[in-house]
Amino acid sequence: MKNVLREWWTGFRSLLTGMRVTLTQFFKPPVTVPYPYATLPIPERYRGHIELVRDPQTGLSLCVACKSCEKACPSGCILVEGIKREGDKKKSPTTFTVDFTRCSLCGSCVEVCPTEALRFSRRYNLAGTDREAYFLDLLKRLQAQAAQAAPAAAPAPATPPASPA
């Protein structure tokens, strides 16, 4: 009988403790963020996928296609091809792709780049329904960013002279 009462009292005390915790949390404001409408600030040290850095003067990539990032990548997820164009002093990349499904975000490619042409992206919402969404062509992305940053200046349409009435 003594054990039954002790077990009953222990269970009742446990129930009261659980109810106290539940009630204190019930009256606190929620800590979730309504995601599509609001987002939390991204920490400065956040590492997204890698991206190419654009030269502010020319608008092209700073990459010289030296392949040091490709060699330093432990996952083997970077592919760089380049050619030396006529009149240029350095090689320029023709292909720069990253297989983000294999990338471990270790940062070896960013650290080893001699021209500081790579950096970590601040993008975090990379959701896709197929595998091809994670094969990133960084040259195409850089060209798209350049097109968005400096849209082509279209001439203003000429206004016809007012006709005398």
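No hydrogens, no waters, no symmetry mates; every other heavy atom, side chains included, goes into these values.
- We find the CG-CZ distance between Asp88 and Arg85 to be 7.0 Å, quoted to the nearest 0.5 Å.
- Here the side chain of Arg47 pairs a donor or acceptor atom with the backbone of Cys106 at under 3.5 angstrom.
- Atom CZ of Arg119 and atom SG of Cys113 lie 12.0 Å apart (nearest 0.5 Å).
- Rounded to the nearest 0.5 angstrom, Leu79 CG and Thr97 OG1 are separated by 4.0 Å.
- Here the side chains of Trp9 and Val4 are not in contact, with every heavy-atom distance at 4.5 Å or above.
- Judged by distance alone, the side chains of Ser61 and Arg54 never bring a donor and an acceptor atom under 3.5 Å apart.
- Annotation: side chain of Leu16 is not in contact with side chain of Arg13 (no heavy-atom distance under 4.5 Å).
- Applying the under-4.5 Å side-chain rule to Ile, Leu, Val, Met, Phe, Trp and Tyr, the cluster around Leu142 extends to Ile50, Leu52, Ile78, Val80, Phe96, Val98, Phe100, Leu105, Val110, Leu118, Phe120, Leu126, Tyr134, Leu136, Leu138, Leu139.
- Between Pro114 and Ser68 the shortest side-chain heavy-atom distance falls below 4.5 Å.
- To the nearest 0.5 Å, atoms CE (Met19) and OG (Ser14) are separated by 12.0 Å.
- A donor-acceptor pair under 3.5 Å is formed between the side chain of Asp99 and the backbone N or O of Thr101.
- Under the side chain to side chain contact (heavy atoms under 4.5 Å, CB included) test applied with Cys109, the options Ser75, Cys69, Cys103 reduce to a single match, Cys69.
- To the nearest 0.5 Å, the span separating NE2 on His49 from CZ on Arg122 amounts to 12.0 Å.
- The closest donor-acceptor contact from the side chain of Ser108 to the backbone of Cys73 lies at 3.5 Å or more, if one exists at all.
- Salt bridge absent: Arg141 and Glu51 never bring a charged side-chain N and a carboxylate O closer than 4.0 Å.
- The line from CG of Leu5 to CZ of Phe12 is 13.5 Å long, rounded to the nearest 0.5 Å.
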Open item on the list: Run Asn125 and Tyr35 through side chain to side chain contact (heavy atoms under 4.5 Å, CB included) and show every step you take.
Closed with: CA-CA 11 Å; Asn125 193 4; Tyr35 168 65; 2.7 Å; yes

